[in-house]
S.K.: 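Please see the structure below; I have some questions.
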Amino acid sequence: MTLANPVFVALDTTEPDVAADLSRRLAGRVGGLKFGLEFFTANGPAGVAAGRDPSLPLFLDLKLHDIPNTVAAAMRAVARLGVAVTTLHAAGGREMIRAAVDAGRETAAGLGLPAPKVVAVTVLTSLDRAAAEAIGFVGPIEDQVRRLARLTQEAGADGVVCSPLEIEAVRAECGPDFTLVVPGIRPIWSEVGDQKRFLTPGEARARGADILVIGRPITAAADPAAAAARIQAELGL
Ligand code: C5P
């Protein structure tokens with residue numbers, strides 16, 4: 001997947017005014033906007049419409065996980081919002097993923113919109129090995145990530161969300177056409193915050209990331225537009 005600017009800025013706020021202000025300031029500096037569960041739960045579709053800049057593609061990060069029928073219904077609603085990228089949990093299984101992908105494609109086609117890219121979370125990066133074993137994953141987390149990435153691909157989804165340190169393993173498992181969405185990105189000049197395993201934007205691109213999810217290095221900067229411009233320059237855009 002090739003985007004002119006691979007950076008989706010994570011607008012992790014519950015305030016539509018804050019999102020709208022950042023969206024306006026960042027138009028032309030980032031490739032898209034990511035709204036997550038906290039924003040969507042607080043504000044719903046109307047909040048997304050108010051908080052986005054219509055010139056920027058929308059990434060709605062809801063990490064859906066339920067029975068296939070319910071996730072398909074939610075995906076139809078997501079597709080009606082004109083979403084470019086959205087997420088679900090691979091642990092929902094092959095049938096759930098397939099139902100979500102089909103629902104997104106059918107709804108978008110009916111509206112004459114591009115189908116939303118459906119990407120899966122494999123193993124939450126907040127889980128360490130002990131926590132992953134406690135919920136039934138057996139063996140190294142990297143094995144689980146590869147296995148669930150393969151399942152995601154076989155179920156017809158577009159890609160996965162993965163940590164910077166998983167890029168090469170997932171790419172080797174799933175090939176060049178699988179979309180890798182990568183958070184945990186920190187420019188060398190930014191505060192690290194709570195991201196423990198990070199790469200710079202350039203390093204993540206060089207390893208094969210397709211979409212870079214970057215939040216606080218841009219949103220918490222004194223001048224968000226300048227921070228985004230600096231990242232653009234570092235990526236040679
Ligand atoms: O501010 P920061 O750049 O850390 O924001 C990262 C974004 O990526 C947040 O929206 C966060 O929810 C998301 N994310 C993450 N780590 C993951 C998956 C998603 O940081 N493993």
S.K.: Once rounded to the nearest 0.5 Å, what's the spacing between atom CG of L199 and atom CZ of R205?
M.R.: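 It is 13.5 Å, given to the nearest 0.5 Å.
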
S.K.: Less than 4.5 Å apart, any side-chain heavy atom of L37 and any of K63?
M.R.: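 L37 vs K63: side chains apart.
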
S.K.: Suppose the criterion is ring-ring contact (aromatic ring centres under 6.0 Å, His included): which pairs have a residue in residues 20-39, not counting sequence neighbours?
M.R.: F35-F39

S.K.: State the CG-CZ distance between L11 and F8, to the nearest 0.5 angstrom.
M.R.: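 One gets 11.5 Å once the value is rounded to the nearest 0.5 Å.
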
S.K.: Search all heavy atoms of S23 against all heavy atoms of L56 and return the closest pair with its distance.
M.R.: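 Heavy atoms only, the tightest pair is O-CD1, 4.1 Å.
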
S.K.: Working to the nearest 0.5 Å, report the span between CG of L180 and CD1 of I167.
M.R.: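 Atom-to-atom, L180:CG and I167:CD1 are 7.0 Å apart.
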
S.K.: Mind checking side chain to side chain contact (heavy atoms under 4.5 Å, CB included) for I188 and listing every partner two or more places apart, or none if nothing turns up?
M.R.: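 For I188 the side chain to side chain contact (heavy atoms under 4.5 Å, CB included) partners, ignoring immediate neighbours, are T200.
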
S.K.: With side chain to side chain contact (heavy atoms under 4.5 Å, CB included) as the criterion, how do R80 and T107 come out once you've worked through the C-alpha distance, each side chain's angles and the decisive distance to 0.1 Å?
M.R.: CA-CA 7 Å; R80 282 195 286 272; T107 303; 3.8 Å; yes

S.K.: Would you say that L33 contacts V9 through its side chain, given a criterion of any heavy-atom pair below 4.5 Å between the two side chains?
M.R.: yes

S.K.: If Ile, Leu, Val, Met, Phe, Trp and Tyr residues are connected whenever their side-chain heavy atoms lie under 4.5 Å apart, and connections chain through other members, are W189 and V30 in the same group?
M.R.: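 Yes, because W189 and V30 connect within a single hydrophobic cluster, where side-chain heavy atoms sit under 4.5 Å apart.
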
S.K.: For the atom pair CG (D158) and CD (Q153), what is the distance rounded to the nearest 0.5 Å?
M.R.: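 Between D158 CG and Q153 CD, I get 10.5 Å after rounding to 0.5 Å.
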
S.K.: If you measure from CZ on R171 to CD on E166, what distance do you get to the nearest 0.5 Å?
M.R.: 13.5 Å

S.K.: Given a cutoff of under 4.5 Å between side-chain heavy atoms of I, L, V, M, F, W and Y, with clusters grown through shared members, what are the other residues clustered with V138?
M.R.: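 Reading the cluster by chain and number, V138 sits alone, since nothing else belongs.
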
S.K.: Between the main-chain N or O of P187 and the side-chain N or O of S190, is there a donor-acceptor pair closer than 3.5 Å?
M.R.: yes

S.K.: Run the side chain to side chain contact (heavy atoms under 4.5 Å, CB included) test against D17 and tell me which residues pass, sequence neighbours left out.
M.R.: none

S.K.: Is there a side chain to side chain contact (heavy atoms under 4.5 Å, CB included) between L60 and V85 once you walk through the steps?
M.R.: CA-CA 6 Å; L60 194 55; V85 185; over 6 Å; no

S.K.: So which atom in A204 and which in L212 form the shortest heavy-atom distance, rounded to 0.1 Å?
M.R.: CB-CD2, 3.7 Å

S.K.: Do you know the tightest heavy-atom contact between R207 and P164?
M.R.: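 Smallest heavy-atom distance, with atoms named: NH1-O, 4.0 Å.
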
S.K.: Considering residues at least two apart in sequence or located in another chain, which fulfil the side chain to side chain contact (heavy atoms under 4.5 Å, CB included) criterion with A99?
M.R.: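 Testing A99 for side chain to side chain contact (heavy atoms under 4.5 Å, CB included), a comparison that skips the adjacent residues, returns P68, A72.
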
S.K.: Other than L111, what residues sit in its cluster of Ile, Leu, Val, Met, Phe, Trp and Tyr side chains whose heavy atoms are under 4.5 Å apart, directly or through others?
M.R.: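 Under the 4.5 Å side-chain rule, L111 groups with L113.
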
S.K.: Only pairs at least two apart or in different chains count here, so list each salt bridge (Lys or Arg N to Asp or Glu O under 4.0 Å) that has a residue in residues 34-54.
M.R.: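 For residues 34-54, and leaving out neighbouring residues, the salt bridge (Lys or Arg N to Asp or Glu O under 4.0 Å) pairs sorted by first residue read K34-D61.
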
S.K.: Compare every heavy atom of G31 with every heavy atom of P57, then report the nearest pair and how far apart it is.
M.R.: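 P57 and G31 have their closest heavy atoms at CD-O, 3.0 Å.
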
S.K.: With a 4.5 Å heavy-atom cut-off, do V123 and E142 have their side chains touching?
M.R.: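 SC-SC contact between V123 and E142 ruled out.
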
S.K.: Go through the steps to decide whether K117 and D210 satisfy the test salt bridge (charged side-chain N to carboxylate O under 4.0 Å, His left out), and finish with yes or no.
M.R.: CA-CA 12 Å; K117 266 190 185 300; D210 297 295; over 6 Å; no

S.K.: What pairs of residues pass the ring-ring contact (aromatic ring centres under 6.0 Å, His included) test when at least one of them lies in residues 61-104, not counting sequence neighbours?
M.R.: H65-H89

S.K.: A108 and A115: which non-hydrogen atoms are nearest, and at how many Å?
M.R.: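 Closest heavy-atom pair between A108 and A115: CB-CA, 3.7 Å.
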
S.K.: Can you name the nearest heavy-atom pair linking L81 to P45, along with the distance?
M.R.: CD2-CB, 3.7 Å

S.K.: Applying salt bridge (Lys or Arg N to Asp or Glu O under 4.0 Å) as the test, list every pair that has at least one member in residues 85-113; sequence neighbours left out.
M.R.: R94-E154

S.K.: Let me see the working for N43 and V48 under side chain to side chain contact (heavy atoms under 4.5 Å, CB included), right down to the final yes or no.
M.R.: CA-CA 7 Å; N43 304 297; V48 172; over 6 Å; no

S.K.: Hey, does V161 have a side-chain heavy atom less than 4.5 Å from the side chain of T87?
M.R.: yes

S.K.: Among all residues two or more places apart in sequence or in another chain, which pass the salt bridge (charged side-chain N to carboxylate O under 4.0 Å, His left out) test with E133?
M.R.: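 With neighbours one apart ignored, the set is R129.
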
S.K.: Could you list the residues that satisfy salt bridge (charged side-chain N to carboxylate O under 4.0 Å, His left out) with D21, not counting sequence neighbours?
M.R.: R24, R25

S.K.: Side-chain contact test, heavy atoms from C-beta onward, threshold under 4.5 Å: evaluate it for R216 versus R186 and give yes or no.
M.R.: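 They are in side-chain contact.
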
S.K.: Looking at side-chain heavy atoms only, is the closest gap between V182 and V213 below 4.5 Å?
M.R.: no

S.K.: When rounded to the nearest 0.5 angstrom, what is the spacing between OG1 in T70 and CG in L64?
M.R.: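 Rounded to the nearest 0.5 Å, the OG1-CG separation comes out at 10.5 Å.
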
S.K.: Pair V121, L88 - check side chain to side chain contact (heavy atoms under 4.5 Å, CB included), show working.
M.R.: CA-CA 6 Å; V121 173; L88 44 64; over 6 Å; no

S.K.: Heavy-atom distance under 4.5 Å between the side chains of F137 and L148, does that happen here?
M.R.: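 A side-chain contact exists here, since the closest heavy-atom pair is under 4.5 Å.
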
S.K.: Residues two or more places apart in sequence or in another chain: which of them pass side chain to side chain contact (heavy atoms under 4.5 Å, CB included) with A131?
M.R.: L127, D128

S.K.: Taking the side chain as everything from C-beta on, heavy atoms only, tell me whether R150 gets closer than 4.5 Å to F178.
M.R.: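 No. Closest side-chain heavy atoms not under 4.5 Å.
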
S.K.: Among L237, I211, I214, L26, exactly one meets side chain to side chain contact (heavy atoms under 4.5 Å, CB included) together with V7. Which residue is that?
M.R.: I214

